[in-house]
Amino acid sequence: MKYNDKIYTVCYDTLDVFNSKEDAKRFYSECYYMSEGAEHERYASILVDLNFSNLGKDNVSIDCREIKIKNNDNESKFLSVQLKERLSIEDTIKYYEEKIQPILEVSDEYGIYFTGRNPFEDFGSDAEGNTNFSFSNYYKELLEKFGIDVDNIYTDDWSDGKYKLVVNNEEFKITAWDDLEGVIDNVDSMIELFKSKELKGELEI
């Protein structure tokens, strides 16, 4: 598999994503010097792999149950995404690159930091467009990245911090405190609905 420009490591059934090999080596070097025994060997295996590859693996894990993302070199926290089912290491990397990374790229354009308590605190309904960022524009960009044509989209207030997003005349609920997993779920729900309607339309022809 040809990886993108990220560095990946697998440890304790978790795929870690780093922006640079130096960052990954620094993180696991600290883990290595603070460990012993079998744990020590896990970190050593990762560090050896990173000398020759963009993928470092411990000597135990064969699949993944979650993804942790070091999205900003200046942030000490990792973003965490629990997988709905265990995936092979290759499929986990593919899931990150095809689903999570596009969402993060658009989110970065809007200055959204999922490590915060309310990632969308500067967003609002379309009526608040003069003072806040637009949920409508954000989700339109996301859906177009995943091949969904958006004919019409708008956002109305529902209650404090909660909004009604209408896309192609279908209604979805979103909130100001949706985390990365929440946005992934929102996008998945939209894609699943629109793909199923598209398929139904093709079968009726």
Side-chain angles (χ1 to χ4, degrees), residues 4 6 8 13-19 64-87 91-129 131-150 152-198:
N4 63 13
K6 300 295 183 181
Y8 302 104
D13 302 338
T14 296
L15 177 74
D16 288 338
V17 184
F18 296 87
N19 287 325
C64 300
R65 55 183 171 76
E66 75 174 329
I67 300 173
K68 289 187 176 180
I69 306 149
K70 188 74 156 39
N71 195 41
N72 189 322
D73 291 336
N74 297 320
E75 290 271 355
S76 59
K77 296 180 180 178
F78 281 74
L79 298 175
S80 181
V81 176
Q82 298 291 323
L83 298 175
K84 291 180 172 59
E85 61 181 358
R86 283 182 171 270
L87 297 175
D91 284 344
T92 304
I93 294 173
K94 183 178 180 181
Y95 178 75
Y96 169 77
E97 294 185 348
E98 294 183 356
K99 176 59 65 68
I100 298 176
Q101 189 168 10
I103 291 175
L104 290 175
E105 288 173 351
V106 173
S107 299
D108 285 345
E109 292 174 8
Y110 283 84
I112 298 167
Y113 299 102
F114 288 109
T115 52
R117 189 172 181 181
N118 292 315
F120 294 94
E121 63 181 346
D122 295 326
F123 282 68
S125 67
D126 288 359
E128 302 171 298
T131 57
N132 292 327
F133 288 115
S134 168
F135 278 111
S136 299
N137 291 341
Y138 174 71
Y139 275 97
K140 184 176 187 292
E141 286 191 41
L142 286 181
L143 290 170
E144 288 176 346
K145 267 189 175 288
F146 295 108
I148 301 297
D149 292 326
V150 179
N152 59 80
I153 184 169
Y154 64 90
T155 308
D156 280 339
D157 284 307
W158 174 30
S159 65
D160 190 24
K162 298 179 181 179
Y163 301 89
K164 179 178 69 174
L165 179 71
V166 179
V167 186
N168 293 352
N169 301 317
E170 298 291 342
E171 185 177 309
F172 304 90
K173 295 295 193 298
I174 58 177
T175 74
W177 51 86
D178 281 338
D179 57 11
L180 178 56
E181 287 184 335
V183 173
I184 293 170
D185 288 342
N186 292 341
V187 170
D188 281 345
S189 296
M190 295 173 193
I191 291 174
E192 183 178 350
L193 176 61
F194 295 135
K195 291 293 187 183
S196 65
K197 287 184 67 175
E198 184 180 296

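Note that this is a predicted model, so its numbers are computed, not measured.
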For the student: nearest non-hydrogen atoms of S80 and Q82, plus distance = OG-NE2, 3.8 Å
Which pair of non-hydrogen atoms, one from C64 and one from T92, has the smallest distance, and what is that distance?
-> CB-OG1, 3.4 Å
Partners of K140 by side-chain hydrogen bond (donor to acceptor under 3.5 Å, both in side chains), sequence neighbours excluded?
-> E144
Could you tell me which residues satisfy salt bridge (Lys or Arg N to Asp or Glu O under 4.0 Å) with R86, sequence neighbours excluded, listed by chain and number?
-> D13, D63
Results of side-chain hydrogen bond (donor to acceptor under 3.5 Å, both in side chains) for S136 - residues two or more places apart only = D126, T155
Note: G147 and K195 closest approach over all heavy atoms is O-NZ, 4.5 Å
Hey, could you give me the CD1/CG distance between I153 and N137, rounded to the nearest 0.5 Å?
-> 8.0 Å
Atom pair CG/OH of L165 and Y154 - distance to nearest 0.5 Å | 9.5 Å
Take L142 and V183 through the side-chain contact (heavy atoms from CB on, under 4.5 Å) test and state the conclusion after the steps.
-> CA-CA 10 Å; L142 286 181; V183 173; 3.9 Å; yes
Can you sort out the partners of K173 under side chain to side chain contact (heavy atoms under 4.5 Å, CB included), two or more places apart, ordered by chain and number?
-> W158, E171
Can you sort out the partners of N186 under side chain to side chain contact (heavy atoms under 4.5 Å, CB included), two or more places apart, ordered by chain and number?
-> Y139, I174, D178, M190
Under 3.5 Å, which donor-acceptor pairs link side chains of residues 103-112 to any protein atom two or more places apart or in another chain?
unit_1: S107; atom_1: OG; unit_2: I103; atom_2: O; d: 2.7
unit_1: S107; atom_1: OG; unit_2: Y138; atom_2: OH; d: 2.7
unit_1: Y110; atom_1: OH; unit_2: E141; atom_2: OE2; d: 2.8

Sequence neighbours left out, what passes salt bridge (Lys or Arg N to Asp or Glu O under 4.0 Å) with D179? Give chain and number order.
-> none
Interatomic spacing from CG in N168 to CG in N152 - rounded to 0.5 Å | 5.5 Å
How far apart are the closest heavy atoms of Y96 and K6, and which atoms are they?
-> OH-CE, 3.7 Å
Note, L79 side chain near I100 side chain (heavy atom, < 4.5 Å) = no
Closest non-hydrogen atom pair between K99 and F146, with its separation = O-CZ, 3.5 Å
So how far is it from K164 NZ to S125 OG, rounded to the nearest 0.5 Å?
-> 11.0 Å
Name the orientation class of the two ring planes belonging to F114 and F120 (parallel below 30°, tilted from 30 to 60°, perpendicular beyond 60°).
-> perpendicular
Heavy-atom side-chain contact between L83 and R65 under 4.5 Å | no
With sequence neighbours excluded, tell me which residues meet side chain to side chain contact (heavy atoms under 4.5 Å, CB included) with E170.
-> F172, L193, F194, K197
Listed by chain and number, what are the side chain to side chain contact (heavy atoms under 4.5 Å, CB included) partners of S189, not counting sequence neighbours?
-> none
Tell me, please, which residues at least two apart from D185 pass side-chain hydrogen bond (donor to acceptor under 3.5 Å, both in side chains).
-> K84
Residue set satisfying ring pair (Phe, Tyr, Trp, His ring centres under 6.0 Å) with Y95, at least two apart, ordered chain then number -> none
What distance do E121 atom CD and F133 atom CZ have between them, rounded to the nearest 0.5 Å?
-> 11.0 Å
For D156, check salt bridge (Lys or Arg N to Asp or Glu O under 4.0 Å) against everything at least two apart and list the hits.
-> none
Taking every heavy atom of R117 against every heavy atom of W177, the minimum-distance pair comes out as O-CB, 4.1 Å
Under a 4.5 Å cut-off applied to non-hydrogen side-chain atoms, are Y8 and V17 in contact?
-> yes
Rounded distance [0.5 Å steps], CG in L180 versus CD1 in I69 = 5.5 Å
